2 protein chains.
Amino acid sequence: MKATIYDVAKQAGVSIATVSKVINQTGRISEETRAKVNRIMQELNYQPSVVASALTGKQTFTLGLLLPDLANPFFAEIARSVEDRAHELGFSVMICSTDNNLLREERNISLLKQKSVDGIIIATGVRNDAILKDLKKQNFPVALIARDMPSLAIDTVLVDDFIGGHMAASHLIEQGHRQIAVIAEDTLVMSSKERIRGYRFALEEAGIAYIPELVRISDFKVTDAKQVAGEMLDSSQPPTAIFACNDLLATGVIQAVRERGLSVPGDLSIVGFDNTLLATIVDPPLTTVAQPIQEMGQKVVDLIIRIINDKNSTKQRIVMLPELVIRSSVSRPGEYRNK
Amino acid sequence: MKATIYDVAKQAGVSIATVSKVINQTGRISEETRAKVNRIMQELNYQPSVVASALTGKQTFTLGLLLPDLANPFFAEIARSVEDRAHELGFSVMICSTDNNLLREERNISLLKQKSVDGIIIATGVRNDAILKDLKKQNFPVALIARDMPSLAIDTVLVDDFIGGHMAASHLIEQGHRQIAVIAEDTLVMSSKERIRGYRFALEEAGIAYIPELVRISDFKVTDAKQVAGEMLDSSQPPTAIFACNDLLATGVIQAVRERGLSVPGDLSIVGFDNTLLATIVDPPLTTVAQPIQEMGQKVVDLIIRIINDKNSTKQRIVMLPELVIRSSVSRPGEYRNK
DNA sequence: GTGAAAGCGCTAACAG
DNA sequence: CTGTTAGCGCTTTCAC
């Protein structure tokens with residue numbers, strides 16, 4: 001059986017209270033006994049049980065992370081950075097994919113709470129104010145990453161989506177595009193909304209009329225984006241450029257273009273969003289609006305750990321600036337159109 | 001504060017034992033009191049504490065998952081499938097990326113044990129027999145996925161890497177290639193070894209001499225593979241085909257080719273391994289050896305849960321068959337070489 | 001400096 | 001059928 005604090009105490013000839021003190025470095029213990037206890041712990045290969053210690057009111061040093069889908073590289077990269085920072089700080093992380101399904105989200109949160117995680121980081125996009133309000137009411141540590149809920153005072157780190165959308169559209173406009181379409185995942189989600197708002201603002205600035213039909217919603221799979229992009233491409237007045245609201249969707253757009261024997265950027269310019277691994281891997285390499293994923297991950301865990309340690313700490317909303325990464329998926333409209 | 005079993009008991013006018021029984025559906029309870037207790041639990045929004053229950057010797061319903069890097073789509077997809085199955089069965093999963101670093105692996109395992117996970121699923125590749133032996137000795141539930149340790153009796157689910165390597169090479173040979181190189185991540189890992197062995201066997205069958213210089217090791221990043229592939233491409237006798245031991249490396253190879261103004265498959269044929277999202281996204285779509293990731297993930301969790309429930313259940317080693325997915329990254333050597 | 005003892009929330013005999 | 005009670009492994013006063 002695994003050694004317990006009792007075994008250590010017995011072996012060391014001290015009380016369990018003393019052992020507990022040397023483990024937690026609390027109280028005053030003579031150098032002598034401290035050394036002895038430490039030695040015994042080594043010998044017995046003793047590992048304090050987080051479960052038992054959690055029961056006495058201490059933390060579990062575990063964070064929950066809710067995201068739509070681990071198989072989407074953007075979220076995988078978020079998860080990785082959260083995990084890294086959490087580990088640095090001695091926390092583990094339980095990951096739950098929700099597929100943006102409200103029910104799964106609820107179930108997972110309740111599960112995580114049963115397991116007494118110290119806090120929950122949420123990256124899922126559904127408009128779950130109710131759930132969040134609930135969590136807030138119970139004063140349960142929550143933080144949001146890459147999603148926004150401005151109506152609630154919740155710690156958040158995200159990129160300025162409005163600026164991001166604006167960047168994408170402006171870049172396209174600068175290159176001479178006028179027929180610029182958008183493919184978004186879910187226009188009800190704040191970040192999509194903001195990106196589209198940024199896009200519209202750029203259009204307006206340039207005196208280009210906003211055409212609602214050019215803004216299309218797609219499901220979150222590559223094939224969905226491909227489908228939607230295909231429809232636009234086949235229309236009587238196809239756009240000359242598409243702003244895909246994330247890199248994964250952008251790859252779907254690329255596929256739709258290629259499937260029609262057309263080329264990127266010759267026949268269609270594309271700009272993505274996120275700057276994940278995908279952007280560097282597709283052909284042509286994707287011009288995209290970069291989110292500083294590493295930093296964002298790091299910051300949410302710092303944020304949530306701050307709340308855990310002080311439930312009344314003032315809420316923060318960290319808005320980072322996106323950056324346009326120019327690669328090769330954008331050109332002037334019609335520039336290479338010579339097939 | 002959160003409601004406890006005592007609160008429920010008091011409200012319902014019964015003992016905590018009774019409440020416990022209705023929660024766990026053990027013992028015999030009258031329909032009446034059961035209903036009442038259930039009602040009170042609802043009202044109080046009571047959620048039993050997994051922590052407390054774990055302390056009394058029950059499970060934590062949590063699994064640990066060790067993998068090299070969540071940001072690699074192959075492992076992200078593994079993680080996703082493990083997570084799905086685990087959730088179906090009421091388990092959560094703690095994910096730890098180790099970057100194939102022995103130290104991090106050890107630390108993570110010990111951490112997971114302190115947190116009393118019920119079992120650990122390992123997908124990391126380092127040759128950590130010591131760690132595994134240790135775990136086995138303590139009779140701690142472990143299962144391996146996508147990696148092999150045949151010297152130890154440990155539950156495992158993996159693909160037949162020998163056959164996979166053979167498939168890849170044979171396919172290339174059938175297309176007329178003779179100068180076939182390999183880029184592997186770490187030739188000390190069993191799966192790499194096996195894939196290379198399969199490759200060699202295919203060569204032998206076809207009466208092609210095995211040239212050790214054609215088998216190269218790369219680190220696990222895209223850029224590493226790109227570097228290594230580049231060197232081979234620049235050599236006096238470049239290969240006409242490369243078998244990349246995973247899709248991520250394959251994308252690096254594609255980039256190296258493209259950087260030199262050459263084309264795939266015109267100047268170099270490529271076959272990958274894993275059949276992740278990447279294979280469908282790169283251009284040209286990658287011919288690759290598919291692992292049934294979904295099924296594999298599902299099977300390891302079934303396996304490990306079987307062990308958790310019966311520590312003495314006989315170990316299983318589930319070997320699945322890989323499948324060659326033909327896309328467009330392979331052609332006959334020199335076929336389109338017309339630049 | 002160190003230890004005795006009272007819990008943390010829940011489960012599992014064992015009585016009744 | 002239901003309740004009493006003794007832990008699970010650890011933390012934390014509070015005496016000594």
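Please read these numbers as outputs of a predicted model, since none were measured by experiment. A, B, ... follow the sequence lines: proteins, then strands. Residue 1 opens every chain.
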Which of residues 23-45 of chain A sit near DNA chain C, with a heavy atom under 4.0 Å from it?
A:R28, A:I29, A:S30, A:T33

For [X] and [N], give me the distance from atom [atom1] to atom [atom2], rounded to whole Å.
X      : N      : atom1 : atom2 : value
B:Q114 : D:dG9  : CD    : C1'   : 13 Å
B:F61  : C:dC10 : CZ    : C1'   : 14 Å
A:L55  : D:dT11 : CG    : P     : 11 Å
B:Q47  : C:dG9  : CD    : P     : 15 Å
B:I5   : D:dT5  : CD1   : C1'   : 14 Å

The criterion is side-chain contact (heavy atoms from CB on, under 4.5 Å); which residues satisfy it with A:V37, sequence neighbours excluded?
A:V8, A:A12, A:V14, A:V19, A:V22, A:M41

Rounded (10°) bend between the five-pair end axes of the helix from C:dG1-D:dC16 to C:dG16-D:dC1
40°

Could you check whether B:S53 gets within reach of a base, just the sugar-phosphate, or nothing at all, counting any heavy atom under 4.0 Å?
sugar-phosphate

Under 4.0 angstrom, heavy atoms only, what part of the nucleic acid is B:K58 near: base, sugar-phosphate, or nothing?
sugar-phosphate

Pairing residues for B:Y46 by the ring pair (Phe, Tyr, Trp, His ring centres under 6.0 Å) criterion, not counting sequence neighbours
none

Suppose we screen for ring pair (Phe, Tyr, Trp, His ring centres under 6.0 Å). Which residues come up paired with A:F75, at least two apart in sequence or across chains?
none

Using a strict threshold of under 4.0 Å (side-chain N to carboxylate O), is an ion pair present between B:E32 and B:K36?
no

Regarding A:D84 and A:R80, does a basic nitrogen lie under 4.0 Å from an acidic carboxylate oxygen?
yes

Report yes if at least one side-chain N or O of A:Y6 is closer than 4.0 Å to OP1 or OP2 of D:dG7; otherwise report no.
no

Residues B:T60 and B:D118: side-chain donor-acceptor under 3.5 angstrom:
yes

Passing option when A:Q316 is tested against A:L303, A:V157, A:D302 for side chain to side chain contact (heavy atoms under 4.5 Å, CB included)
A:L303

Go through residues 8-19 of chain A and report each residue with a non-hydrogen atom lying under 4.0 Å from DNA chain D, sorted by number.
A:I16, A:A17

